[in-house]
Number of protein chains: 2
Amino acid sequence: MPDDGDVAAAPMGRRERKKAATRQAIADAALRLFLERGYDDVGIREIADAADVSTTTLFKHFSGKEALVFDRQDERKALQLAAVRERPQGQSVPAALREHALRNRRLRPGDEPGVTAFLELVNSTPALLDYQHATWLENTAALAQVIAEESGLPADDPACTALAHFALEAPRAARRHHDSTEALNRAFDLLENGWQSIASQA
Amino acid sequence: MPDDGDVAAAPMGRRERKKAATRQAIADAALRLFLERGYDDVGIREIADAADVSTTTLFKHFSGKEALVFDRQDERKALQLAAVRERPQGQSVPAALREHALRNRRLRPGDEPGVTAFLELVNSTPALLDYQHATWLENTAALAQVIAEESGLPADDPACTALAHFALEAPRAARRHHDSTEALNRAFDLLENGWQSIASQA
DNA sequence: CCAAAAAAGTGAACTCGTTGCACTTATTTC
DNA sequence: GAAATAAGTGCAACGAGTTCACTTTTTTGG
């Protein structure tokens, strides 16, 4: 309680700071337990106990068990939109999406050790893969709009939604193959070739 | 024991017939209750009671609550594969998939009244939409193989998986737009145009 | 400065899908 | 006809998620 060591980062009241701290404590406890013993073998009540809060409080901060793991998906979404908006001159929209997808694939050796363990956790837990994909797809509308802007097509052209949706699905389609890089490339070949005839009508 | 509507089925023993009857009783009770009061407002125990079985028995016949609603998805999958295999001469694979998708869209006027109510139930229940889509996607591998056969591409070419996956996703992408027919067509335009350059390499 | 609103947190009880267990039938097989 | 096999039973339990009535803390404004 007597915690006066202010680091003065943002203009936050005490209340907001405490709230953020509670949230962080919960997320940290959850991630630690999940990494130690696996997602399915850790219960909500255990997490709440470890973070020293009640389950009620936990659910006021997170919408569900899966949400405990993905605390920062909004950033990923924004990065994807930026990748399209700020693509090199002359590069097509699907080409930019391809590049971005390739760049953000399951990371290679030489990342922070925590990151590897995190991805291992996600990739080995069906419930987490599903949740991640579902939230990833929420970017469809925003991405479709960016695509429309960048292509000069009407904002509500269903072709933009289609490209957005397919681009977001591509990683999941590639997941079935041993060589995920080639699979991803083939999927984007399809989209890139198909998009040419659509974009040329604009 | 009422006569089975099934045509020329294998010689069923009494045991198998009773099992099938129990299964049907459960499915019937479930659908009736769901249509009467909505999916979320009917519990498993209620359904078991209505079908006069125990919940244990219910779960020996169906893998979960959602499976009670979709008793015959295998047929739909087989029909899609057939639509590609038996497409008209000279029609491309994605064109056949487009036709099939358009033909099987929801709610054309003039079908049996039960069908309309059923689709209404599914389309208004997120849990059912998700489940339906998940099982629909299970057709990806089979569809990819048919595509490979029909295109002369290697059986494990990721491009086939990509086209299969995207074609199965197209209806979901189109769902966001008011004019779902146009949206579906735009999505398949993308795939059809893109596929030309891939298929021509075979 | 202090009362009262607002927000965070609590703990327990509850719903609901789902599973495990020990058990009883009914049917098939030898 | 006995033994193997499979269907079905009833009940208790589990865990995720939600709700409720309640306490504590922080903010606000007269």
Side-chain angles (χ1 to χ4, degrees), chain A residues 1-4 6 10-31 33-34 37-70 125-128 130-131 134, chain B residues 1 4 10-31 33-34 37-70 125-132 134-135:
Chain A
M1 249 176 286
D3 219 84
D4 258 294
D6 256 1
M12 265 185 171
R14 176 172 295 127
R15 195 186 196 127
E16 287 177 58
R17 259 185 296 119
K18 285 203 172 181
K19 182 171 182 175
T22 300
R23 184 189 168 89
Q24 197 57 47
I26 296 170
D28 289 350
L31 188 56
L33 290 173
F34 288 157
R37 317 208 324 257
Y39 180 79
D40 293 320
D41 282 353
V42 179
I44 288 286
R45 284 156 180 86
E46 247 178 304
I47 297 168
D49 272 3
D52 208 42
V53 296
S54 66
T55 71
T56 313
T57 299
L58 189 151
F59 280 111
K60 274 186 184 150
H61 284 278
F62 297 91
S63 59
K65 191 182 180 187
E66 303 94 350
L68 289 164
V69 177
F70 302 104
T125 311
L128 291 179
D130 286 353
Y131 181 84
Chain B
M1 296 281 155
D4 265 352
M12 269 179 154
R14 175 172 294 127
R15 189 186 257 165
E16 286 176 63
R17 256 184 296 118
K18 285 200 174 181
K19 182 173 182 175
T22 301
R23 183 189 170 88
Q24 198 57 48
I26 296 170
D28 289 349
L31 189 55
L33 290 173
F34 288 156
R37 318 211 320 261
Y39 179 78
D40 292 320
D41 283 351
V42 179
I44 288 286
R45 289 162 179 83
E46 248 179 305
I47 297 167
D49 271 3
D52 207 39
V53 296
S54 66
T55 71
T56 313
T57 299
L58 187 152
F59 278 110
K60 277 188 180 145
H61 284 277
F62 297 92
S63 59
K65 192 182 180 187
E66 303 96 353
L68 288 164
V69 177
F70 302 104
T125 311
L128 291 179
L129 280 174
D130 285 353
Y131 182 85
Q132 185 182 40
T135 62

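Note on naming: letters A, B, ... go to the chains in the order of the sequence lines (proteins, then strands), and numbering restarts at 1 for each one.
Residue B/Leu33 holds its CG atom at 6.0 Å from CD1 of B/Ile47, rounded to the nearest 0.5 Å. For the atom pair B/Arg45 CZ and B/Ser54 OG, the distance stands at 11.5 Å (nearest 0.5 Å). Separation of atoms CG (A/Asp49) and OG1 (A/Thr55) is listed at 9.5 Å; rounding is to 0.5 Å.
Between A/Tyr39 and A/Lys60, it is A/Tyr39 whose nearest contact on DNA chain D lies nearer the 5' terminus.
One can place CG of B/Asp41 at 9 Å from P of C/dC16, the figure rounded to the nearest angstrom. What separates CZ of B/Phe59 from P of D/dA12 is a distance of 18 Å, to the nearest Å. Computed from coordinates, the B/Lys65 NZ to D/dA16 P distance equals 19 Å when rounded to whole Å. Look at CD1 on B/Ile47: it is 7 Å from P on C/dG17, rounded to the nearest Å. Rounded to an integer number of Å, the gap from B/Glu16 CD to D/dA6 P is 11 Å. Remark: C1' of D/dG15 and CG of A/Leu58 are 14 Å apart, rounded to the nearest angstrom. Put simply, CG on A/Leu33 is 15 Å from P on D/dG15, counting in whole angstrom units. The distance from atom CG of A/Leu68 to atom P of D/dA16 is 11 Å, rounded to the nearest whole Å.
Cation-pi check for A/Lys65 over A/Phe34 is not met; the charged atom does not lie both under 6.0 angstrom from the ring centroid and within 45 degrees of its normal.
With B/Thr57 contributing its side chain and B/Val53 its backbone, the two residues share no donor-acceptor pair below 3.5 Å.
Among the nucleotides C/dG9, D/dG8, D/dA16, the one closest to any side-chain atom of A/Thr57 is C/dG9. Of the candidate nucleotides D/dG17, C/dG9, C/dT18, C/dG9 has the atom lying nearest to any side-chain atom of A/His61. Listed candidates were D/dT26, D/dA7, D/dG8. Nearest to the side chain of B/Lys19 is D/dA7. Comparing atom distances between the A/Ile44 side chain and each of D/dG17, C/dT18, C/dG9 picks out D/dG17 as nearest.
Residues B/Val69 and B/Tyr131 have side chains not in contact (no heavy-atom distance under 4.5 Å, counting atoms from C-beta outward).
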What do the steps show when you test A/Glu16 against A/Arg23 for salt bridge (charged side-chain N to carboxylate O under 4.0 Å, His left out), and what is the final call?
CA-CA 10 Å; A/Glu16 287 177 58; A/Arg23 184 189 168 89; over 6 Å; no
Let me see the working for B/Leu129 and B/Thr125 under side chain to side chain contact (heavy atoms under 4.5 Å, CB included), right down to the final yes or no.
CA-CA 6 Å; B/Leu129 280 174; B/Thr125 311; over 6 Å; no
Hey, mind stepping through B/Glu66 and B/Gln132 against side chain to side chain contact (heavy atoms under 4.5 Å, CB included) and telling me if it holds?
CA-CA 9 Å; B/Glu66 303 96 353; B/Gln132 185 182 40; over 6 Å; no
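Side-chain nitrogen and oxygen atoms of A/Lys18 include none within less than 4.0 Å of the OP1 or OP2 phosphate oxygen of C/dA8.
For the ring pair (Phe, Tyr, Trp, His ring centres under 6.0 Å) test, no residue two or more places apart in sequence or in another chain qualifies with A/Phe62.
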For nucleotides 2-4 of chain D, give me every protein contact, N/O to N/O, under 3.5 Å, one pair per line with atom names.
none

Nucleotides 11-13 of chain C: which of its N/O atoms have a protein N/O under 3.5 Å away?
unit_1 : atom_1 : unit_2  : atom_2 : d
C/dG11 : N7     : A/Thr56 : OG1    : 3.2
C/dG11 : O6     : A/Thr56 : OG1    : 2.8
C/dA12 : N6     : A/Thr56 : OG1    : 3.3

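The residue A/Asp52 sits close only to the backbone: its heavy atoms come under 4.0 Å of sugar-phosphate atoms, none of a base.
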